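It should be emphasised that the depicted structure is a prediction, and the values quoted were computed from it without experimental measurement.
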Amino acid sequence: MSLATRLFVWQLMLVTVLSVALGVIGYRHTADQIHEGAAARAYSVAATLAHDPFVASSAGSADASAALQPYALDVMASADIDFVTIMEPDGTRLTHPDPREIGGTYQGTRERALGGSVHVEEHVGTLGPSVRAIAPVHDDGGAVVALVAVGVTLESISVAAASDIPAIVFVAAVAIALGALGSYLASRYLSRTTMGLGPVELRRRFTYYNSALHSLREGLLLGDAGGRLVLYNDRAADLLGLPRLPADARGRHDFAHYLPPTVRELFTSGRRAEDEVHVADDRILVASQHPAEGGGTVTTVQDHTQIQSITGELETMRTLTNALRAQTHEHANRLHTVAVLIELGRTDEALAFAIEDRQSAQELTDDVVRRIDEPFLSALLVGKASEAHERGIELTLSASGTLADGAVDARDLVTITGNLLDNAFDAAATGERRVWADFVSSGDALTITVADSGDGIDPELIEQFLRFGVSSKSGEPRGLGLALVRASVRRLGGTLEIENDGGAIFTVTLPLAAVPSESTPEAGRDEA
């Protein structure tokens, strides 16, 4: 049987047993109350008759039965009593519901009544088992001249109690019906919730799902219809910095506030997403989100940090290649000019042009190398200067301080500078067509500032442009540059600031690692 069916049967049995038990208890309680009421009524009537002067005066008369029998019958009718027996102290009956029993001996105890007290007892007499009260009748001198026994048969008590049985049965039936209806509705809800599975199937599925959940190499997040994060696996905790809590604690709390900002925005929005890239601290994460059956969302998260690192290196190589291509193209144009002058026989002019071009290129190279003592970055800036010249953009380079070799990762430095310059060139393609790049090394930090004469960036869109795949440029897939810059800056423990002052101003501050000087023993051993 399914869990819902089992629950229905168990609840129905429980409700039935409880209803029957309560009915029996109710019947017993009613019977006890009727019994106690009959005893109290018998006691009251017996005590009243014992103090009636008529009974005391008539009991000592010559024809006591003739005087007391009608009186006793009237009392029985008015007080709803089964019998009233007035007797002499020796137990001889003076009255009885059955006239044939008058003159016989009373069947019951008389000792306590003869002692002057009223008592109640159950006894079997001529009318069957009964609850009776026996009271003494005193004369004016205090002597016991008669006894009065007033009683109600147990049969009358049972009949009175039985009159309540239909009401008790009706209440029990209603309780069983309501319990059955409630059990049915609960079982239907449980059947929908458990999809009609039994306990064994549920346990097996839970075991399989729990094993699969924690063995996935992807992070898995489950959210309810209210946008709360209610369940996640261990991989998601590692990737997103979520607390590792016992499984029974998950589902009762909302852990969404632990998520990185962009991932939290995706999760709480509930929107559909396919391979959306997010930056979380030093990790590059790819998230996909889909609606779940019955409401809520299922979100998967993959770690693409290493893949994006390779992408960054390729982007760095592309930047260097483009710079070198621009420089090669510029030199090819100048060599073509020299060749044409030589063919025209104007060798002096060709020689002068070649010398001037060599001196100009050497001055640019010497100036960059003198200012920035980093081979990769120097090569990049020389190439970018040629690219700027080719695109008709005025590039102004400035630097101060010294940058020791190895103080910062050269690949990240090329990635940051190259992408910032590429974006600045694109932004400055119209108007004044100017770009400024400034490098300041203060010994413990390197500050790179790149500004352009473009239109700037809308402050409300800055965070979007820093995400992978988001760009204001059309055409081929874009949106990697600034995201790679931010990823490299975070990996190096630096900061990235964006401002608008006519054009966009990007300021990157990177901490510099301490580099051993040449005078240290380690440096001496390396040189040796």
Separation between OG1 (T95) and CE (M87), nearest 0.5 Å, reads 8.0 Å
Here the side chain to side chain donor-acceptor pair (under 3.5 Å) pairs for residues 65-77, sequence neighbours left out, are D52-Y71
So, the side chain of S78 versus the backbone of V75: is there a donor-acceptor pair under 3.5 Å, distance only? yes
* Hey, mind stepping through M76 and D82 against side chain to side chain contact (heavy atoms under 4.5 Å, CB included) and telling me if it holds? -> CA-CA 6 Å; M76 288 170 52; D82 288 335; 5.9 Å; no
Could you check whether any side-chain heavy atom of L510 comes within less than 4.5 Å of a side-chain heavy atom of L413, counting everything from C-beta outward? yes
What one should report as the nearest heavy-atom pair of L266 and Q289 is O-NE2, 3.0 Å
Given side chains that start at C-beta, do those of R41 and I81 come closer than 4.5 Å, heavy atoms only?
-> yes
Next on the checklist: How about CG on D224, more than 12 heavy atoms from neighbouring residues, nucleotides or ligands closer than 6.0 Å, or not?
Outcome noted: yes
Report the C-alpha separation of L49 and I86 in whole Å, then their side-chain angles, then the decisive distance to 0.1 Å, and conclude whether the side chain to side chain contact (heavy atoms under 4.5 Å, CB included) test is met. CA-CA 9 Å; L49 291 177; I86 303 173; 5.5 Å; no
Item to complete: For the residue pair Y106 and L147, establish whether any side-chain heavy-atom pair is separated by less than 4.5 Å.
Response: no
Any side-chain heavy atom of V118 within less than 4.5 Å of one from I134? no
Query raised in the report: Do E265 and R271 sit within salt-bridge range, that is, some charged N less than 4.0 Å from a carboxylate O?
Result: yes
CZ of F506 to CD1 of I416, rounded to nearest 0.5 Å, is 13.0 Å
Heavy-atom closest pair (T509 atom, A445 atom, distance to 0.1 Å) is CG2-CB, 4.3 Å
Here the gap from S130 atom OG to E121 atom CD, rounded to the nearest 0.5 Å, amounts to 8.0 Å
| Do V120 and R132 come close enough that some side-chain heavy atom pair is under 4.5 Å? | no
Counting only heavy atoms not in F83 (residues, nucleotides, ligands), do more than 12 fall under 6.0 Å from its CZ? yes
Interatomic distance, CG@N233 vs CZ@R235, rounded to 0.5 Å, equals 9.0 Å
Requested in this report: Indicate yes or no for a side-chain donor-acceptor contact from S117 to the backbone of R112 under 3.5 Å, with no hydrogens or angles considered.
Outcome: yes
What one should report as the nearest heavy-atom pair of A59 and A64 is O-CB, 4.0 Å
- Message: Using side chain to side chain contact (heavy atoms under 4.5 Å, CB included), reason through L229 and L242 one step at a time and then give a plain yes or no.
- Response: CA-CA 11 Å; L229 174 57; L242 295 169; 4.1 Å; yes
Distance col, row L240:CG vs L221:CG, nearest 0.5 angstrom, shows 6.0 Å
- Please test L512 against D444 for side chain to side chain contact (heavy atoms under 4.5 Å, CB included), starting from the C-alpha separation and ending with a verdict. CA-CA 5 Å; L512 299 179; D444 58 351; 5.7 Å; no
> Hey, are the side chains of R272 and P291 touching, using non-hydrogen atoms and a 4.5 Å cut-off?
Replying inline: yes
Next item on the list: Could you tell me whether F54 atom CZ has more than 12 heavy atoms of other residues or ligands within 6.0 Å of it?
Entry: yes
Interatomic distance, CG@D90 vs OG1@T105, rounded to 0.5 Å, equals 7.5 Å
Across all chains, not counting sequence neighbours, the side chain to side chain donor-acceptor pair (under 3.5 Å) partners of T507 are none
- Message: Donor-acceptor check, side chain of R93 to backbone of T85, threshold 3.5 angstrom: yes or no?
- Response: no
Backbone N or O of A40 within a donor-acceptor pair of the S44 side chain at under 3.5 Å?
no
In terms of heavy-atom contacts, A39 and V131 come closest through CB-CG1, 3.7 Å
Heavy atoms of A66 and D63 approach each other most closely as CB-OD2, 3.1 Å
In short, L73 meets P97 closest at the heavy-atom pair CD2-CA, 4.5 Å
Heavy-atom neighbours of H290 NE2 exceed 12 at 6.0 Å: yes
